[in-house]
Amino acid sequence: MKSLLACLIAALGVVPLARSEEPAVLYARHCASCHGPDRWGRLGPALLPESLERLRAPQIAAVIRDGRPATQMPSFAGTLAEEDFAALATWLLRPAAEPPQWDEEHIRASREAQPPRPLARPIHEADPRNLFVVVEQGDHHLSVLDGDRFTVLARLPTHFAVHGGPKFSPDGRFVYTASRDGWVEKFDLWALERVAQVRVGINARNLAVSADGRFVAVANYLPHTLVILDADLEPVKILTATSRDGKTESRVSAVYDAAPRRSFVVALKDLPQLWEVSYDEHAAPVYDGLVHDYRMAEALGRPGFLHPRRVDLDLVLDDFFFDPSYRRVLGASRDGRAQVIDLDVGRPVAELALDGMPHLGSGVVFERQGRTLMASTNLQRPVLSVIDLDDWHTVAEVPLCGQGFFVRTHENSRYAFVDGMMTKECRDGIQVLDKETLQIVATLRPEPGKTFAHVEFTRDGRHALASVMEPAPDGALWVIDTQTLQLVRRIPMNKPIGKYNVANKLERSGGTSH
Ligand code: DHE
């Protein structure tokens, strides 16, 4: 199977320079391996009028020529001729041969499930709360790793290009993944096997599992839906993301579980709104500014349950961070503004002084000198911003070697780890922040020249794992001793990307994503 590598090779001009061929031929040669032969999306997003509606041909041409910062979209300048950019852009705005459709019938028809084995305990000896699942993008596998012995218990095949964090059931036995081509899979970490799968869309973003374990919500770019499944991946409800008047649709950027609120919070890509969808049967009515909504909800007798409450914003925010109470959402827009939204009052309550493009989604929380702070990287500026969560002021901007991407810490560690995986200069080194002095005190660079990124701690915070994101045989996980900062073990893997510890996620450690 061709991969992102094929795109990069094409971008680097390893294939012969193509000049003024038919756009369809150019697409098949340079774009299809990432965006799919049918333009329905694979590792890259769908490229169809339905998903590109906000972009005009010159803007699309510019993205093809220059690439997109902080994504895996490379620049094709030097590979394609100037006239090819415009021709391809115009061609991409034409309808696809096969119209993209994925409704409830398709979803139901794609579902396969088997009852989990009746086990009293896991079939392995590892601590089930200290397991890691590791997404290996090289050959599309999920590795299950014993977080005490650092041994691989199983490698389970997944669908193409799992993206974003897999999410655990509240008891930690099951893990759910979403792949970019719309497949959701459920794996049993006790029996070490897949137990269910369903395709919920053509181009999916991520998923969230409700804190009570009853629902799995999946955000789709295409179609423009939030799909709510039950724990066995049966569809329960499909919500199309529309404006209040129903006239404008939006791609759904991401969905998060706001456990203390018993709701999903949903980011939209094309509308200045966020949604809150309660999974509490006794949720208060959703007034939402719509009289008929309210009356209908009252008539149904379950006024707020699985019903979107729309929160109006001043701008489109699609990268989110939640404060520990989940009452406040910190959101960033693509054009570099950041705001605090109070979900209880349903509006923005503060602006954040964060120039550039803060990567709030990868932020972490930690305590320092009696204050609760959050730290976020910035996709445009080489700084780590540290913000006081009580009054939103910026405590420090810690200079980094280049723009940071992921940041991680743990309650039991004095350090936070910041990678620079999207930069040329710093992609092979992880910088270590002393959370007390707010100074960078070390850079870990075990394999110079190879991307080294995405840290996750063990349950006790004593060790951390980080990826050498290279295909086999060069890819690996390194185990870091978080007291001495020594690299103590190398575990070979095939382009490992993210890794996720069961207990840290379920116990909502402030040092990691949830
Ligand atoms: Fe991600 C999480 C969006 C590109 C690896 N990424 C997320 C989440 C979102 C997001 C909204 C949070 C969802 C969650 O965890 O439930 N990612 C985006 C983009 O918009 C972007 C920039 C463009 C795109 O292609 O979609 C993007 N992401 C990438 C990559 O190129 C990465 C490095 C490699 C890949 O897998 O495609 C990548 N994203 C990740 C990882 C997480 C993630 C490893 C989970 C982080 C975590 O620790 O929780």
Side-chain angles (χ1 to χ4, degrees), residues 3-4 7-8 34-35 41-47 51 63 67-74 132-138 140 142 158 160-168 175-181 184 203-209 216-222 251-258 264-269 274 317-322 331-334 357 359-364 377 379-380 403-409 417 419-423 427 451-457 464-467 469 495-501 504-505 508-509 511-514:
S3 68
L4 173 77
C7 309
L8 293 172
C34 290
H35 295 281
R42 291 189 90 193
L43 190 59
L47 297 178
S51 57
V63 173
R68 241 189 212 290
T71 74
Q72 299 198 38
M73 173 68 192
F132 285 81
V133 296
V134 186
V135 173
E136 283 184 84
Q137 208 182 67
H140 309 288
L142 205 65
T158 66
F160 187 85
V162 167
H163 172 240
K167 302 288 155 56
F168 299 99
V175 65
Y176 297 86
T177 60
S179 58
R180 291 195 189 252
D181 60 3
V184 173
N203 194 195
R205 295 289 292 165
N206 82 322
L207 60 76
V209 174
V216 178
V218 195
N220 277 329
Y221 263 3
L222 205 64
R251 292 168 287 173
V252 182
S253 297
V255 54
Y256 304 93
D257 175 48
F264 294 118
V265 175
V266 184
L268 302 184
K269 186 82 180 166
L274 67 75
L317 300 178
D318 74 338
D319 184 25
F320 284 174
F321 175 85
F322 294 86
S333 68
R334 278 252 145 204
M357 200 191 284
H359 191 200
L360 296 174
S362 88
V364 292
T377 54
L379 301 175
Q380 281 178 353
Q403 291 94 316
F405 203 73
F406 293 114
V407 52
R408 278 288 185 278
T409 185
F417 296 90
D419 65 63
M421 66 169 290
M422 293 291 183
T423 64
R427 67 184 180 89
T451 302
F452 187 45
H454 194 273
V455 172
E456 175 88 323
F457 284 74
L465 304 179
S467 300
M469 292 186 185
K495 201 171 181 196
I497 307 290
K499 60 213 66 65
Y500 310 87
N501 178 274
N504 289 343
K505 299 295 179 193
R508 297 186 177 272
S509 160
T512 190
S513 60
H514 308 134

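These numbers were taken from a predicted model, which means no experiment stands behind them. The first residue of the sequence shown is numbered 1, and numbering continues consecutively from there. Note that ligands are numbered from 1 as they come in the structure, with each ligand's atoms numbered from 1 the same way.
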For ligand 1, is any non-hydrogen atom under 4.0 Å from [X]'s backbone (N, CA, C, O), its side chain (CB onward), both, or neither?
{"X": "M422", "value": "side chain"}
{"X": "K495", "value": "neither"}
{"X": "M421", "value": "side chain"}

With side chains defined as the heavy atoms from C-beta onward, is the minimum distance between K499 and H454 less than 4.5 Å?
->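 Yes, at least one pair of side-chain atoms sits under 4.5 Å.
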
Flag side-chain contact, heavy atom, 4.5 Å: V134 against L142 |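 With C-beta onward as the side chain, the pair stays apart.
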
Going by heavy-atom distance to [atom], choose the closest among [options].
{"atom": "atom 37 (O) of ligand 1", "options": "R180, M73, R334", "result": "R180"}
{"atom": "atom 28 (N) of ligand 1", "options": "K499, K505, H454, H163", "result": "H163"}
{"atom": "atom 12 (C) of ligand 1", "options": "Y256, F320, F406, Y500", "result": "Y256"}

Using the benzene-type ring in the case of Trp, are the ring centres of F405 and H359 under 6.0 Å apart?
->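 Under 6.0 Å, so yes.
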
Ring center gap for F457 and F417 short of 6.0 angstrom |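 Yes, they do, as the ring centres are separated by less than 6.0 Å.
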
Checking [X] side chain against [Y] main chain: does a donor-acceptor pair fall under 3.5 Å?
{"X": "T423", "Y": "Q403", "answer": "no"}
{"X": "D318", "Y": "A267", "answer": "no"}
{"X": "T512", "Y": "S509", "answer": "no"}

Relative to the heavy atoms of [X], which atoms of ligand 1 are at a distance of less than 4.0 Å?
{"X": "Q137", "answer": "35 (C), 36 (O), 37 (O)"}
{"X": "R408", "answer": "47 (C), 48 (O), 49 (O)"}
{"X": "R205", "answer": "3 (C), 18 (C), 19 (C), 20 (O), 24 (C), 26 (O)"}
{"X": "A254", "answer": "11 (C)"}
{"X": "S513", "answer": "47 (C), 48 (O), 49 (O)"}

Within 45° of the axis and under 6.0 Å from the centre of the six-membered ring of Y221, does NZ or CZ of R205 qualify?
->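 Yes, a cation-pi geometry.
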
Give yes if a backbone or side-chain nitrogen or oxygen of G165 is under 3.5 Å from a nitrogen or oxygen of ligand 1, and no if not.
->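 Yes, at least one N or O pair falls under 3.5 Å.
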
Can a non-hydrogen atom of K167 be found less than 4.0 Å from any atom of ligand 1?
->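 Yes, K167 has heavy atoms under 4.0 Å from ligand 1.
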
Quick one: do K505 and D257 make a salt bridge, cutoff under 4.0 Å?
->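 Answer for the salt bridge query: no.
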
